[in-house]
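Along the sequence shown, the residues carry numbers beginning at 1.
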Amino acid sequence: MRSSFGSNELIKCLRCLGFTKQRSTGSSHEKYSSPNAVAKGTRPFIMVILGRKIYDNHTRTSYLRQIRNLGFTTEKITNCMP
């Protein structure tokens, strides 16, 4: 898995995993919905902060954790990360 990535790489990874972009209204964030059914109380989407070349360590870890919580394995995420 890449030790650093930005918004473009994250979006490519999410699309590879089957996430779909939701309609946006000119914000600096985009919402991507999970293709999997999620447990009750879990958000079925991920908000992506746009325009970042590299996310800080805390943000990277948070995104990876959110993707894993939506039912994807670390191996599958690694295969989709450009």
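Side-chain contact between K31 and I46 is absent, with no heavy-atom pair separated by less than 4.5 Å. The shortest side-chain heavy-atom distance between Q22 and Y32 does not fall under the 4.5 Å cut-off. Within the 4.5 Å cutoff, the side chain of P35 has heavy atoms near those of the F72 side chain. At least one side-chain heavy atom of S34 sits less than 4.5 Å from a side-chain heavy atom of F19. Counting heavy atoms from C-beta outward, L14 and I67 have side chains that approach closer than 4.5 Å. In this structure, L50 and I11 have side chains that are in contact, with non-hydrogen atoms separated by less than 4.5 Å. Contact of the R68 side chain with the T74 side chain is registered, since non-hydrogen atoms from C-beta on lie closer than 4.5 Å. Residues L70 and Q66 are not in side-chain contact: their nearest non-hydrogen atoms beyond the backbone lie 4.5 Å or more apart.
By the rule that hydrophobic residues join a cluster once side-chain heavy atoms approach within less than 4.5 Å of another member, V38 and Y63 end up as members of one cluster.
Nearest approach of P82 to E9, heavy atoms of both residues: CD-O, 3.7 Å.
To the nearest 0.5 Å, the span separating CD1 on I49 from OG on S7 amounts to 9.0 Å. One finds the OG1 atom of T42 at 12.0 Å from the CG atom of N36 (value rounded to the nearest 0.5 Å). With rounding to the nearest 0.5 Å, the separation of CZ in F5 from CE in M81 is 4.5 Å.
Residues satisfying the ring pair (Phe, Tyr, Trp, His ring centres under 6.0 Å) criterion with F45, sequence neighbours excluded, are absent altogether. Taking K21 as the reference, E30 meet the side chain to side chain donor-acceptor pair (under 3.5 Å) condition, with sequence neighbours excluded.
In this structure, R52 contributes its side chain and G6 its backbone to no donor-acceptor pair below 3.5 Å. Judged purely by atom type and a 3.5 angstrom limit, D56 uses its side chain to pair as donor or acceptor with the backbone of H58. No donor-acceptor distance shorter than 3.5 angstrom exists from the side chain of Y55 to the backbone of T61, with no hydrogens or angles considered.
With C16, the cysteine C80 has an SG gap short of 2.5 Å.
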